[in-house]
There are 2 protein chains.
Amino acid sequence: MRIDPDPPARSTYRHGDLRRALLAAGIELARNGGPDAVVLREATRQAGVVPNAAYRHFAGRADLLKAVRDTALSQVAGAMEAELARVKPSRSAAVFARASLRAIGVGYLKFALAEPGLFRTAFTVTEDSELPLGSGRGVGTGKNPFQLLGGALDLMVSAGLLPHQRRDGAEFLAWSAVHGLAMLTIEGPMRAMPRAMIDRLGDRVIDMVEKGL
Amino acid sequence: MRIDPDPPARSTYRHGDLRRALLAAGIELARNGGPDAVVLREATRQAGVVPNAAYRHFAGRADLLKAVRDTALSQVAGAMEAELARVKPSRSAAVFARASLRAIGVGYLKFALAEPGLFRTAFTVTEDSELPLGSGRGVGTGKNPFQLLGGALDLMVSAGLLPHQRRDGAEFLAWSAVHGLAMLTIEGPMRAMPRAMIDRLGDRVIDMVEKGL
DNA sequence: AGGCATTTGTGTACAGTGTACACATTCTCT
DNA sequence: AGAGAATGTGTACACTGTACACAAATGCCT
């Protein structure tokens, strides 16, 4: 006697909150398995609904993935905010600026290592959707990752640690260094590197950015 | 009247060089479309062969993708070698070392921008296959990207531009910075940035590495 | 040369995916 | 109460990877 693997689990014809349920399922799928793992039919299955029901709330798989990616990006921003909130105020503007920049980098890396699936999903291509640098606002400050990083860099300029001639576009330099380390460690040839070594490299990368910017 | 879209195109029962043909098709698929675009059935179609024939030469799609990835990695190494070959010898060890390190970075970035699909494929996860840092030897020197970068860093130490205390693991720092820029520009939020600006950022990232290492 | 094992390509089949289209049910608004 | 919109269902199709049995060519051993 086979047990029906898909009990109705729901008596009402209407689901009630299907969009949110599909998005939640999609996020969970992305969490383990990354972007390729967010498969529309599985999301509907978890929501206890027939595959095509998804099309009432998303234009298609790509659209669902985009929604997942946006929340993943917000979580990246959130991780950066959280780390930023931990830097204690200092009398020295220089100390504060450096700590802030470091917090940005550490928050980014921590999230990448803690949630590699979501991190990869956050920075995934989706042919059309342009991801215009202003995506993924954090719940705390309401700023996106680019703005958070920019704020820290402004502090570096104010503190005299970064010549203002080099301020323009500095976001991309700092971002590249930290992003590269994240990618190489979670999906690149440095996977399986012991965590302690990765953390050490993270510190050194941030040192390099501070010094080389 | 429909034309058969799949003419036999081959009279012999045996293909003769199917493995190479499948690999070539896979590379072409990866070139436009990245790792997800290398689909086994399409490769067999281009080789003029039935889908299952592929299983005589590859364990499955994952195995084919791995082969494509390995050649993509070799091409990365080749691009670095090519750029390295262009630095002209100098009486000053410092000048030569800096030029070499820059060539490594420029070669890497050039390839990423010229062949984004292959570049993404080169650094793609494949659950098991560990990609042990020693993959992808270039045809010229026979060295892999990691060794090429290491060589340039050794020159930096010899020239007195990099304290030997900081030599250990320096590959990962330099690599992270350049890799991050490549990723952000080809599949990240900096796509659609004008090429001139990207090139400028490439120079600045390499400056940052030189100075901050 | 003849016979036979091995290699390589074919045919058929199945489960899983995204999604188009018609239909059914429920909600909402007048 | 009834019309129209919103939402979920059923059926269907093309596509994917891949398992299994079969067929044809190759090569090797006597």
Side-chain angles (χ1 to χ4, degrees), chain A residues 2 4-26 28-30 33-69 124-129, chain B residues 2 4-26 28-30 33-69 124-129:
Chain A
R2 296 271 283 96
D4 185 354
D6 184 30
R10 155 173 130 267
S11 53
T12 58
Y13 182 79
R14 294 295 222 263
H15 178 285
D17 201 10
L18 184 52
R19 190 190 156 91
R20 209 169 299 273
L22 290 174
L23 183 52
E28 198 53 28
L29 289 173
D36 290 353
V38 30
V39 33
L40 198 149
R41 283 177 106 108
E42 177 60 27
T44 62
R45 227 170 281 139
Q46 293 187 13
V49 107
V50 99
N52 285 353
Y55 288 84
R56 299 299 173 188
H57 303 274
F58 297 96
R61 185 199 114 100
D63 195 41
L64 170 61
L65 181 55
K66 210 173 96 171
V68 171
R69 189 202 57 182
T124 212
V125 272
T126 47
E127 81 276 357
D128 54 328
S129 81
Chain B
R2 296 268 285 97
D4 185 354
D6 185 28
R10 155 173 129 268
S11 53
T12 58
Y13 183 79
R14 295 293 225 263
H15 178 284
D17 201 10
L18 184 51
R19 190 192 155 90
R20 209 170 299 273
L22 290 173
L23 183 52
E28 198 52 30
L29 289 173
D36 291 353
V38 30
V39 33
L40 197 148
R41 282 179 107 107
E42 177 60 27
T44 62
R45 228 169 281 139
Q46 293 187 12
V49 109
V50 99
N52 285 356
Y55 288 83
R56 299 296 174 191
H57 303 274
F58 297 97
R61 186 199 113 99
D63 194 40
L64 170 60
L65 181 56
K66 210 173 96 171
V68 172
R69 189 202 57 184
T124 213
V125 271
T126 47
E127 81 276 356
D128 53 329
S129 81

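Because the structure is predicted, anything quoted here is derived from the model rather than measured. Numbers restart at 1 for each chain; the letters A, B, ... are given by sequence-line order, proteins then strands.
- Residue B:Arg14 places no side-chain atom within donor-acceptor reach of the base of D:dT26, judged by atom type and a 3.5 Å distance cut-off alone.
- In this structure, B:Phe58 atom CZ and D:dA19 atom P are separated by 16 Å, rounded to whole Å.
- Using a 4.0 Å heavy-atom distance criterion, A:Val39 is classed as a sugar-phosphate-only contact.
- One finds a side-chain N or O of A:His57 lying less than 4.0 angstrom from the OP1 or OP2 phosphate oxygen of D:dG8.
- Evaluation of atom-type donor-acceptor distances gives no pair under 3.5 Å for the side chain of B:Arg56 against the base of C:dT7.
- The shortest non-hydrogen separation linking B:Val68 to B:Gly26 is CG2-C, 3.8 Å.
- Following rounding to the nearest Å, A:Asp36 (CG) and D:dG17 (C1') show an atom-to-atom distance of 15 Å.
- Distances were taken from every side-chain heavy atom of B:Arg41 (C-beta onward) to each of C:dT10, D:dT18, C:dT26; the shortest belongs to D:dT18.
- With the nearest nucleotide of DNA chain C identified for both A:Tyr55 and B:Ala53, B:Ala53 has the one nearer the 5' end.
- Residue A:Leu22 contributes atom CG, which lies 14 Å from atom P of C:dT19 at whole-angstrom precision.
- The nearest pair of heavy atoms linking B:His57 to B:Arg19 is O-NH1, 3.0 Å.
- Here D:dG8 presents its P atom at 8 Å from NE2 of A:His15, a figure rounded to the nearest Å.
- Counting heavy atoms from C-beta on, the side chains of A:Arg56 and A:Leu18 never come closer than 4.5 Å.
- Judged by closest nucleotide on DNA chain D, A:Pro51 is the one of B:Val38 and A:Pro51 placed further toward the 5' end.
- In this structure the side chain of A:Leu22 reaches within 4.5 angstrom of the side chain of A:Thr44, judged on heavy atoms.
- Phosphate contact (OP1/OP2 of D:dG8, side-chain N/O of A:Arg19, threshold under 4.0 Å): absent.
- The main-chain N or O of A:Leu40 is never found under 3.5 Å from a side-chain atom of A:Arg61 such that the two would form a donor-acceptor pair.
- Side chain of B:Asn52, nearest nucleotide from C:dT10, C:dA20, D:dT9: C:dT10.
- Checking C:dG9, C:dT10, D:dG10 against every side-chain atom of B:Leu18, the shortest atom distance belongs to C:dG9.
- Checking D:dG17, D:dG10, C:dG9 against the side-chain heavy atoms of A:Val50 singles out D:dG10 as nearest.
- At the heavy-atom level, A:Arg61 lies under 4.0 Å from the strands shown only through sugar-phosphate atoms.
- Here B:Arg45 reaches the OP1 or OP2 of D:dT16: one of its side-chain N or O atoms lies under 4.0 Å away.
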